[in-house]
Amino acid sequence: MGLANIVAMVATYFVANRYSDQPEIVALIVIIISAIFLVISYSITQGFDKLAQANKMKTEFVSVASHQLRTPLSSMRWALNLLLDEHFQGSEQEKTSYLESVQESAERMIKLVNDLLDVSRIEMGRMIFAPRQTNLYIIAQKIIGSLTPYAKANNVALTLDAPETLPNVFTDPDRILLVVQNLIENAIKYTKGQGEVGVTMANDAKNVKVAIRDNGVGIPTSEQKHIFQKFFRSDNIMKYQTVGTGLGLFIAKSVVEESHGNIWFQSKEGLGSTFYFTLPIYK
Ligand code: ADP
């Protein structure tokens, strides 16, 4: 760039000498050369920005993948070492509980790898998406059933308020199930002590609206603008909730938008959060 600048200045000098009697031509040529340089330096800066962003993504990817894989892997190794130890004298019940913890760790790793694959597919514009008529009421019931023990273990009362007559929407049922599940899991996970998580579903003439409300730790106002960015986790939860990747909401937003819906939230630190999404009714 420096060399190009010198060449341009020398060229301008010769042009100015050649057309010294026509200052308007000189001015025009200088303006054109400056404009060309402006465009070149702008694209170079943009290129560097993109490179820096890609580099940051790579660092975040490595950090999340290694941290979030190390914990379940260590816990699997620990449980397997115990079970394989010839001096192990635990009861059948203990053995089952160690095996269950191995199973849980394996599930966690599979979920992480799937999320990372999803993110890269979303970024390449190649998300696997198979939409069809879907009933969110049935999906919510299924999820509430499977998450009730998890909520109880965390001292959280989980409730569903939705009419059986909720109209169908047009989306990928497997994907929207994971979205609702992630929103409810977050609501439980980010609620400390005695908590309440309420899921409500309703519709107007055009849309089905889903709300997942908690009275948990909330999201600091200054960080709210980053919540749907990949790998983002707010400062207030990082201190006590180490399990998480910051990928769930990024994927949720892509799935909802792919289904022509909207997703947003309201939150107050210390008071709780409500995540909403709407999907158009299937007609
Ligand atoms: P993860 O939960 O794995 O960190 P998500 O993408 O699901 O990833 O969420 C991103 C971040 O948004 C969380 O780390 C947390 O900081 C914040 N967040 C999401 N849901 C809630 C909630 N219900 N209450 C408070 N913070 C939340």
Side-chain angles (χ1 to χ4, degrees), residues 56-57 60-72 104-105 107-123 127 140 143-144 147 150-151 153-160 175-200 210-258 262-277:
K56 187 164 167 259
M57 258 287 292
E60 282 169 336
F61 172 87
V62 172
S63 144
V64 168
S66 51
H67 278 99
Q68 298 300 326
L69 284 176
R70 197 174 50 187
T71 316
E104 196 189 305
S105 300
E107 299 284 348
R108 238 173 89 185
M109 290 193 292
I110 291 171
K111 181 171 183 315
L112 172 64
V113 172
N114 283 340
D115 281 355
L116 288 170
L117 282 173
D118 269 347
V119 167
S120 83
R121 284 193 199 115
I122 288 169
E123 303 220 298
M127 176 166 56
I143 299 170
I144 299 277
L147 285 182
Y150 174 58
N154 284 280
N155 274 322
V156 169
L158 180 58
T159 55
L160 171 65
R175 291 213 159 259
I176 206 74
L177 183 140
L178 292 179
V179 169
V180 180
Q181 185 171 316
N182 181 58
L183 294 175
I184 301 178
E185 275 175 358
N186 277 353
I188 299 170
K189 192 162 77 168
Y190 301 125
T191 296
K192 280 198 279 190
Q194 202 81 26
E196 278 171 25
V197 169
V199 180
T200 49
V210 178
I212 292 117
R213 172 185 38 81
D214 67 62
N215 59 351
V217 296
I219 302 164
T221 315
S222 61
E223 299 194 296
Q224 293 190 358
K225 55 180 176 294
H226 303 300
I227 278 303
F228 290 105
Q229 285 170 8
K230 59 180 177 287
F231 297 121
F232 184 81
R233 306 195 72 218
S234 60
D235 277 342
N236 62 329
I237 58 100
M238 292 287 273
K239 289 173 215 136
Y240 79 97
Q241 184 52 264
T242 50
V243 177
T245 56
L247 295 178
L249 289 181
F250 175 80
I251 297 171
K253 189 167 162 37
S254 306
V255 171
V256 169
E257 287 177 354
E258 189 75 28
N262 288 313
I263 183 165
W264 73 101
F265 67 93
Q266 288 170 336
S267 184
K268 265 217 152 79
E269 193 172 6
L271 290 178
S273 316
T274 306
F275 279 80
Y276 303 91
F277 71 85

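In what follows, every heavy atom counts, from backbone to side chain, and hydrogens, waters and symmetry copies are set aside. Numbering of ligands and ligand atoms starts at 1, following listing order. Note that the structure is predicted; figures quoted are calculated from it, not measured.
The closest protein non-hydrogen atom to atom 4 (O) of ligand 1 is R233 NE, 2.6 Å. Distance from atom 3 (O) of ligand 1 to its nearest protein heavy atom, with residue and atom name: T245 N, 2.8 Å. Closest to atom 23 (N) of ligand 1 among all protein heavy atoms lies D214 OD2, 2.9 Å. The shortest contact between atom 21 (C) of ligand 1 and any protein heavy atom is with Y190 CD1, 3.4 Å. Scanning all protein heavy atoms for the shortest distance to atom 19 (C) of ligand 1 gives N186 ND2, 3.6 Å. In terms of protein heavy atoms, atom 17 (C) of ligand 1 is closest to I227 CD1, 3.8 Å. The protein non-hydrogen atom at the shortest distance from atom 10 (C) of ligand 1 is F232 O, 3.4 Å. With hydrogens left out, the protein atom closest to atom 26 (N) of ligand 1 is I219 CG1, 3.4 Å, a heavy atom.
Remark: of the listed residues I184, I144, T200, I144 is the sole one forming a side chain to side chain contact (heavy atoms under 4.5 Å, CB included) with L160.
Proximity of V119 to F250: side-chain heavy atoms (C-beta onward) are separated by under 4.5 Å at one or more points. At a threshold of 4.5 Å between non-hydrogen side-chain atoms, the residues L249 and L183 count as touching. Between F275 and N186 there is no side-chain heavy-atom pair separated by less than 4.5 Å. At least one side-chain heavy atom of L112 sits less than 4.5 Å from a side-chain heavy atom of T245. Residues V243 and R108 have side chains in contact (heavy-atom distance under 4.5 Å, counting atoms from C-beta outward). Between E185 and L147, some side-chain heavy-atom pair lies under the 4.5 Å cut-off. Taking 4.5 Å as the limit, some side-chain heavy atom of Y150 sits within range of a side-chain heavy atom of K189.
Counting heavy-atom neighbours within 6.0 Å of R233 CZ, excluding the residue itself, gives a total above 12.
Checked for salt-bridge contact, E258 and R175 miss the test: no charged N lies under 4.0 Å from a carboxylate O.
Contacts between N236 and ligand 1, counted as non-hydrogen atom pairs separated by less than 4.0 Å, are absent for every part of the residue. With a 4.0 Å heavy-atom cut-off, ligand 1 is reached by the backbone of L249 and by its side chain too. If you look at S234 next to ligand 1, the close heavy atoms, those under 4.0 Å, come from the backbone and the side chain alike. With a 4.0 Å cut-off on non-hydrogen atoms, I212 does not touch ligand 1 at all.
Assignment of S273 to the shell around ligand 1 is supported, since a heavy atom sits closer than 4.0 Å. Proximity of F275 to ligand 1 is established by a heavy-atom distance of less than 4.0 Å. Within the 4.0 Å heavy-atom cutoff, K189 counts among the residues contacting ligand 1.
For ligand 1, the atoms lying closer than 4.0 Å to a non-hydrogen atom of G218 are 25 (C). Every atom of ligand 1 is numbered from 1 in the order shown, and the set under 4.0 Å from a heavy atom of I237 is 14 (O), 15 (C), 16 (O). Close contacts between ligand 1 and A187 involve ligand atoms 23 (N) [criterion: under 4.0 Å to a heavy atom]. Residue L247 approaches ligand 1 through these ligand atoms, each under 4.0 Å from one of its heavy atoms: 6 (O), 8 (O).
Nearest heavy atom pair, residue P220 against residue S234, reads CD-CB, 4.2 Å. Nearest heavy atoms, W264 versus F277: CZ3-CA, 4.2 Å.
Checking only distances, G248 does come within under 3.5 Å of ligand 1, N or O to N or O.
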